[in-house]
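Owing to the predicted nature of the structure, the values given are computational and were not obtained by experimental measurement.
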Amino acid sequence: MTSPTASTAHFTPYNRTVAEVLFDTPNGEQSVQEEMLKAGFAYHYKQFSGNCHNADVFDTAEDIGRSQKLGVWRLPGGGQRPWDYRKQNRS
């Protein structure tokens, strides 16, 4: 297995890097984000994926996790999104 690679999509207003992380498999290159979304281990934060060439793949992957009630999708309403939590708890 080779080391993962990151492709920077852009930076947030807080100067955080938004990147897609890829790794090689015997079947070709695979996206870490796609796998996490399919498993219900992440949410697709659409506000920051606009410049990512796989944004539509992330939508589909999240739909798969949601439809199969995996990970966070087992929680009522899919749980609390991190961006909603931060907004709710701002000082």
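Atom OH of Tyr45 is surrounded by more than 12 heavy atoms from other residues, nucleotides or ligands within 6.0 Å.
Annotation: side chain of Val18 is not in contact with side chain of Phe11 (no heavy-atom distance under 4.5 Å). Side chains of Glu62 and Tyr43 form a contact here, defined as non-hydrogen atoms less than 4.5 Å apart.
Shortest non-hydrogen contact noted between Phe58 and Ser31 is CE2-OG, 3.5 Å. Considering all non-hydrogen atoms of both residues, His44 and Asp59 come closest at ND1-OD1, 2.9 Å.
Under the salt bridge (Lys or Arg N to Asp or Glu O under 4.0 Å) criterion, Lys69 pairs with no residue, sequence neighbours left out. Among residues two or more places apart in sequence or in another chain, the side-chain hydrogen bond (donor to acceptor under 3.5 Å, both in side chains) test is passed with Glu35 by Gln30. For Glu20, there are no salt bridge (Lys or Arg N to Asp or Glu O under 4.0 Å) partners at least two apart in sequence or on another chain. Remark: Glu29 pairs with no residue by the side-chain hydrogen bond (donor to acceptor under 3.5 Å, both in side chains) rule, at least two apart or across chains.
In the hydrophobic cluster analysis, where Ile, Leu, Val, Met, Phe, Trp and Tyr join through side-chain heavy atoms closer than 4.5 angstrom, Phe41 is grouped apart from Leu70.
In this structure, the side chain of Gln33 engages the main chain of Ala19 through a donor-acceptor pair within 3.5 Å. With hydrogens and angles ignored, the 3.5 Å screen pairs a side-chain donor or acceptor of Thr25 with a backbone N or O of Asn27. Judged by distance alone, with hydrogens and angles left aside, the side-chain atoms of Ser49 form no donor-acceptor pair with the main-chain N or O of Cys52 at under 3.5 Å.
Counting only residues at least two apart or in different chains, side-chain hydrogen bond (donor to acceptor under 3.5 Å, both in side chains) contacts with residues 75-88 comprise Gln80-Gln88.
Taking CG from Leu37 and OG1 from Thr60, the interatomic distance works out to 10.5 Å, rounded to the nearest 0.5 Å.
In the hydrophobic clustering, where aliphatic and aromatic side chains (Ile, Leu, Val, Met, Phe, Trp, Tyr) are joined below 4.5 Å either directly or transitively, Ile64 stands alone.
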